[in-house]
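Remember, it's 1-based here, ligands and their atoms both numbered in the order they're listed. Please read all numbers here as calculations on a predicted model, not as lab measurements.
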Amino acid sequence: MGFKLAIFISGRGSNMKEIVRACQRKELKSSIELIVSNNIKAPGLLIPEIKKIPILTLDESNLNNKEFYLLLEKSLINSGIELICLAGFMKVLDKAFVNKWKNKIINIHPSLLPAFKGLKPQLNAIKSKVKYAGCTVHYVNEKIDSGNIIDQDIVKVDLDENETSLSKKILKKEHKLYIKVIKYLEDCHG
Ligand code: GRF
């Protein structure tokens with residue numbers, strides 16, 4: 001069974017775009033009911049594929065923490081959201097919010113968790129001279145990049161690899177992995 005999805009972004013939105021497209025071509029049974037951005041200037045908000053989808057922008061410079069979460073919760077509930085997909089959402093969500101939406105928030109991270117949590121995982125992978133890197137989709141809990149892992153995919157790190165080339169390679173895998181995971185969760189959902 002499909003979910004009513006919300007996708008949270010802060011930037012480029014390429015993972016969001018892939019999920020939207022997969023819903024539009026019915027590869028996924030889910031429907032995107034809401035896009036949330038905490039960055040009013042996120043380039044992802046200009047992607048043509050999301051034209052008809054409601055967008056909630058939460059400008060943190062004009063909202064205190066309480067207002068931020070009140071608006072967010074209200075919109076999620078009004079839209080009947082069943083699953084939240086974080087896709088380059090650069091804000092750490094409050095413990096209270098995460099607990100309320102337990103097992104209903106998933107995130108994609110460009111490393112083979114539990115390795116390289118947090119920022120710049122691709123650069124840190126290169127610095128550590130690992131032979132393989134990759135991406136992970138995991139449930140979100142109150143600790144950064146630490147919730148239960150749902151699925152991962154790997155890429156080989158070449159000898160001449162740099163942060164840009166590795167990020168590109170991983171991103172290609174991310175786009176496929178996120179769809180695969182949502183499909184899997186849809187199957188589990190009934
Ligand atoms: C991706 O690498 C994702 O794994 C990370 O942030 C990046 C977002 O990229 N959390 P995009 O906005 O989906 O293009």
Subject >> Residues forming a ring pair (Phe, Tyr, Trp, His ring centres under 6.0 Å) with Y69, sequence neighbours excluded >> reply: F97
Original post:
Who's touching ligand 1 if we go heavy atoms under 4.0 Å?
Top reply: R12, G13, S14, N15, G88, I108, H109, P110, E174
Original post:
Salt bridge between D153 and K176, side-chain N to carboxylate O under 4.0 Å?
Top reply: no
Subject >> salt bridge (Lys or Arg N to Asp or Glu O under 4.0 Å) contacts touching residues 69-91 (sequence neighbours left out) >> reply: E60-K91, E73-K100
**OP:** Drop me the distance from F116's CZ to T136's OG1, to the nearest 0.5 angstrom.
**Re:** 11.5 Å
Original post:
Hey, are K183 and E27 close enough for a salt bridge, meaning a charged N less than 4.0 Å from a carboxylate O?
Top reply: yes
**OP:** Just jot down the ring pair (Phe, Tyr, Trp, His ring centres under 6.0 Å) partners of F3, sequence neighbours excluded, or say none.
**Re:** H189
